[in-house]
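The structure appears below as structure tokens.
Indexing begins at 1, ligand by ligand and atom by atom, following the structure's order.
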Amino acid sequence: MLKIGITGGIGSGKTTVCKVFETLGIPVFYADTVAKQLMTADPILVAGVKDTFGAASYTESGQLNNQHIAGIVFNNQLELDKLNALVHPAVFRAFDQWSNTIPYTVPYTLKEAALLFESGSYQMCDKTILVTAPLALKIARVMERDQVSEAQVKARMDKQFTDEQKAKMADYFVQNTMDNSIILQVLELHQQFLSL
Ligand code: ATP
């Protein structure tokens with residue numbers, strides 16, 4: 001079955017675009033949401049996190065100690081790379097398992113990931129979509145959605161490839177601007193994927 005990766009910068013609207021695909025009956029694997037769940041649900045990942053960042057990474061009841069982990073990886077690229085090296089393979093495993101549960105009548109699936117290109121997970125996809133939006137609009141949307149400052153949004157953006165870098169790697173595009181209908185663009189892509 002065809003696997004399509006979908007990504008975009010923070011606030012570009014990739015989740016919103018995925019919701020439109022879902023209305024067409026296309027199953028979506030939300031990699032970032034799954035990654036958060038796996039931090040406590042995947043025993044291999046849990047063991048790896050404890051080995052790398054210490055037993056204090058989890059509370060006695062098995063909850064993730066976000067403060068402990070964030071204190072180590074925040075502004076420390078080397079430690080962040082270590083965390084990603086544990087999390088990404090766990091998400092790959094979960095994606096494989098999830099893909100195996102999809103009925104063969106489904107024409108294609110989507111994998112939504114903020115770091116699709118950065119993590120290398122695009123290599124598990126047959127095609128990729130990049131959702132783009134003007135910088136000011138992305139910042140405004142995230143500030144509104146997450147109730148955060150412009151500086152906080154920009155700090156998150158700095159950790160991702162730029163749209164220019166991602167555009168070189170993507171096969172298809174959705175422009176989520178004020179004057180472009182994402183519904184029409186999704187319908188067009190859907191038809192293209194059905195004919196692949
Ligand atoms: P993140 O990487 O932070 O998860 P994202 O790329 O998944 O972001 P969304 O959560 O889909 O982005 O969109 C960001 C915000 O902008 C949301 O509040 C969403 O409702 C809003 N938004 C996205 N696209 C549109 C649109 N075309 N019209 C109006 N609001 C939109």
Side-chain angles (χ1 to χ4, degrees), residues 3-39 64 66 69-70 73-75 77 80-81 83-84 87-88 90-92 94-95 98 108-122 124-125 127-191 193:
K3 293 173 187 162
I4 315 268
I6 178 163
T7 190
I10 175 171
S12 58
K14 53 194 169 301
T15 306
T16 307
V17 170
C18 286
K19 297 288 173 202
V20 182
F21 275 104
E22 282 189 295
T23 66
L24 300 170
I26 301 305
V28 181
F29 180 88
Y30 292 96
D32 303 325
T33 307
V34 171
K36 284 193 192 111
Q37 294 162 353
L38 293 174
M39 288 300 288
L64 185 70
N66 273 313
I69 307 267
V73 304
F74 188 70
N75 280 338
Q77 192 58 46
L80 184 60
D81 288 346
L83 180 61
N84 284 334
V87 176
H88 291 155
V91 178
F92 295 170
F95 179 59
W98 177 85
Y108 65 93
T109 60
L110 288 185
K111 179 184 193 182
E112 190 233 45
L115 302 180
L116 187 79
F117 294 122
E118 293 87 336
S119 69
S121 71
Y122 72 97
M124 295 171 81
C125 301
K127 298 285 179 191
T128 57
I129 305 169
L130 175 64
V131 182
T132 60
L135 183 66
L137 189 55
K138 287 192 284 192
I139 292 173
R141 282 174 174 164
V142 177
M143 285 173 67
E144 165 89 22
R145 185 194 61 188
D146 298 347
Q147 294 298 303
V148 290
S149 69
E150 183 173 344
Q152 284 170 306
V153 181
K154 284 184 171 165
R156 287 196 229 165
M157 285 177 162
D158 285 347
K159 294 189 168 48
Q160 303 184 339
F161 284 179
T162 63
D163 276 356
E164 288 69 31
Q165 288 168 298
K166 290 179 198 169
K168 288 186 192 140
M169 306 173 84
D171 300 302
Y172 301 93
F173 299 88
V174 172
Q175 290 175 341
N176 188 12
T177 57
M178 292 301 270
D179 41 30
N180 266 324
S181 159
I182 53 173
I183 295 176
L184 289 180
Q185 293 178 77
V186 168
L187 288 175
E188 208 168 287
L189 285 177
H190 182 65
Q191 287 309 321
F193 297 150

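- In terms of heavy-atom proximity, Ser119 sits nearest to His88 at CB-CE1, 3.4 Å.
- Checking Glu150, Arg156, Met157 one by one against Val153, the side chain to side chain contact (heavy atoms under 4.5 Å, CB included) holds for a single residue, Met157.
- Counting heavy atoms from C-beta outward, Gln185 and Gln175 have side chains that approach closer than 4.5 Å.
- Neither the backbone nor the side chain of Val142 has any atom closer than 4.0 Å to an atom of ligand 1 (non-hydrogen atoms only).
- Of the possible polar contacts, none joining the Asn176 side chain to the Ala133 backbone as a donor-acceptor pair under 3.5 Å is found.
- Protein heavy atom nearest atom 2 (O) of ligand 1, with residue, atom name and distance: Lys14 NZ, 2.5 Å.
- Within the 4.5 Å cutoff, no side-chain heavy atoms of Leu38 are placed close to those of Val87.
- Below 4.0 Å from some heavy atom of Gly9 lie the following atoms of ligand 1, by number and element: 6 (O).
- Among Gly13, Gly8, Gly11, the residue whose heavy atom lies nearest to atom 8 (O) of ligand 1 is Gly11.
- For ligand 1, the atoms sitting less than 4.0 Å from at least one non-hydrogen atom of Thr15 are 7 (O), 11 (O), numbered in the order shown with element in parentheses.
- When only interatomic distances are considered, the shortest N/O to N/O separation between Ile10 and ligand 1 does not fall below 3.5 Å.
- Not one N or O of Arg156 is nearer than 3.5 Å to an N or O of ligand 1, by distance alone.
- Side-chain atoms of Thr128 do not come within 3.5 Å of backbone N or O of Ile6 as any donor-acceptor pair.
- Under 4.0 Å from ligand 1, heavy atoms of Ser12 appear from its side chain as well as its backbone.
- Nearest-heavy-atom check against atom 4 (O) of ligand 1 across Met143, Met178, Arg145, Arg141 picks out Arg145.
- Looking only at heavy atoms of the protein, atom 23 (C) of ligand 1 is closest to Thr16 OG1, 3.4 Å.
- Atoms of ligand 1 lying under 4.0 Å from at least one heavy atom of Asn176, given by number and element, are 23 (C), 24 (N), 25 (C), 26 (C), 27 (N).
- A cation-pi arrangement is not found for Lys127 relative to Phe193, the charged atom failing to lie both closer than 6.0 Å to the ring centre and inside a 45° cone about the ring normal.
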Requested in this report: List the steps and the verdict of salt bridge (Lys or Arg N to Asp or Glu O under 4.0 Å) for Glu144 and Arg141.
Outcome: CA-CA 5 Å; Glu144 165 89 22; Arg141 282 174 174 164; over 6 Å; no
